[in-house]
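All values reported here derive from a predicted model rather than from experimental measurement. Just so we're on the same page: letters track the sequence lines, and every chain starts at 1.
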Number of protein chains: 2
Amino acid sequence: MDKENPEIGGKAENRVSSSDQIVRDLVRGLYEGRYVAGQRLAEPDLMRRYGVGRSTVREAIKRLAAEGVITVHAYRGAQIRQLSRTEARNILLILELMIGLACRLAAANIGLPGRRAHFDQAYQALLAFRNERDSYEMVRARNRFYRAITQIGGNKELDRILPSIQVHLVRTHLKQSTEDRFADYRAIAEAILAGDETGAEAAGRDHIRLTSQALQQLPDHVFAPEEQPSAFAEFTSEDAEDA
Amino acid sequence: MDKENPEIGGKAENRVSSSDQIVRDLVRGLYEGRYVAGQRLAEPDLMRRYGVGRSTVREAIKRLAAEGVITVHAYRGAQIRQLSRTEARNILLILELMIGLACRLAAANIGLPGRRAHFDQAYQALLAFRNERDSYEMVRARNRFYRAITQIGGNKELDRILPSIQVHLVRTHLKQSTEDRFADYRAIAEAILAGDETGAEAAGRDHIRLTSQALQQLPDHVFAPEEQPSAFAEFTSEDAEDA
DNA sequence: CTGGCAATAACGTCAGACGTTTTTGATTGA
DNA sequence: TCAATCAAAAACGTCTGACGTTATTGCCAG
């Protein structure tokens, strides 16, 4: 039942179910600017663009919707989610905690075999972009940096949850004010490399907090309009689902 | 374009797209015990059970998979996710932060009009089950209690993320050791009602931490087998998706 | 220029089909 | 008897086509 090297990691399903490819490409497209927040996604459109059937498109849409990357209005199609200022702030509030945790865990595990080398490599790769920012390659290097942190931390759930926190969308917004915080990265990296759990957590949280502040200074037009909660009404909405 | 009371809340899509109903029922079924972790979900089965077409079933599956409630292995179908001890611990590590945040925000906003009454109502409803625990109704009351907290906190993203944190699955595990922590609930409620942000956050985090400890004391057989990470290998997995 | 109505385009869902992959069950050889 | 083997059956991934429902568009009249 094995040929030679049967999936060393544990996840055996490398099959990339077509619909997953759409999901992937769309998210990547967000980074690359091929898709922008608010853009409408019509099924016939996507069918043609990706050369797949409607079922496949719909599955991709459902997945993206569940991850919060897009929103679907019944009978009106899907569109890439656009964050309001409040939503962005709320997301970053959560992200702050998650990144803090990731950094702390990374610092705690940096001593395990292989980790230090892996992290250092990702960090150096990011540093290479110190003077050539804003490129798509730089974004990827930064993503790998983050990813290295969460991987070393070893909390796979973090990896699973983080993407669904609309980091993409926040980043998209942030592209406008990209004065990338290399000082932050340095503080995080040093704390992690020093195995300083508390320091790493603080550095990670600070980083997100600064990011949030920068984002709040962006002009209104980069955000979706704030939707009035009306009056704390519809409270008897009852068990809307699970939770 | 409005008749009289056009969706006061803001979310106008009350349409419950059939596949969402499946998602909902399945999650509810987890609480009720109609579904158990590890259970396999074959498409033809679900089609018959819910009387819907395959497309619908598949969309529900995709959604549940994106939320992490189930796992899909290509060509081998889906099954309800079963947490290993480590996964459960990792999830609770994250949940601790999120609940802490939710409690803090709730304490901060308890003064806004209507909030106090709403919260108190949910709290009292929960207290009613002090002596009649373990019932499904009690679980729902507890959920409403949690939900009241996050709603008052006002961070909608928290609401969106929390379900995808497998609270259900953790709870399912915990049903075995349900010595429900009413002392915790009381501490949380009092801190929130007092508007004590720091205290509420601490109470919320303590609650989850205690829960985690209780869960760690459960015997092995309630968890999925730990899967060996093999050797920190497959590191050049590259940009596996987004993040 | 605005309101109303019909035509059109999407969406939600179902049914059936086809190639691919896994699972199952029976057959066969040790 | 038991394990390896192989063919049949069951599921899965995806596509095409269809039908009723809902939004959106564009035209027409006022």
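- Scored by the salt bridge (charged side-chain N to carboxylate O under 4.0 Å, His left out) test, A/D45 finds A/R48, A/R49 as partners (sequence neighbours excluded).
- For A/R40, there are no salt bridge (charged side-chain N to carboxylate O under 4.0 Å, His left out) partners two or more places apart in sequence or in a different chain.
- When the P atom of D/dC12 is taken as reference, atom CD of B/E59 falls 16 Å away, rounded to whole Å.
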Per-nucleotide protein contact string for nucleotides 17-22 of chain C (B base, S sugar-phosphate only, - none; heavy atom under 4.0 Å): B--BSS
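- In terms of phosphate contacts, A/S18 brings a side-chain nitrogen or oxygen within less than 4.0 Å of OP1 or OP2 of D/dT14.
- A/L46 places its CG atom 13 Å from the P atom of D/dC15, with the value rounded to the nearest Å.
- Every residue two or more places apart in sequence or in another chain was checked for a side-chain hydrogen bond (donor to acceptor under 3.5 Å, both in side chains) with B/N90, and none qualifies.
- Note: CD (A/E43) to P (D/dA23) measures 15 Å, nearest angstrom.
- OP1 or OP2 of C/dC14 lies within a sub-4.0 Å distance of a side-chain N or O belonging to B/T56.
- Every salt bridge (charged side-chain N to carboxylate O under 4.0 Å, His left out) that B/E87 has, sequence neighbours left out, goes to B/R81.
- One interatomic measurement links the two molecules: CE of A/M47 to P of C/dC11, which rounds to 10 Å at whole-angstrom precision.
- The side-chain contact (heavy atoms from CB on, under 4.5 Å) test with B/Y35 is passed by exactly one of B/L41, B/I70, B/V69: B/L41.
- Under the salt bridge (charged side-chain N to carboxylate O under 4.0 Å, His left out) criterion, A/E43 pairs with A/R54, A/R58, sequence neighbours left out.
- Atom pair A/D20:CG and D/dC12:C1' shows a separation of 14 Å (rounding to whole Å applied).
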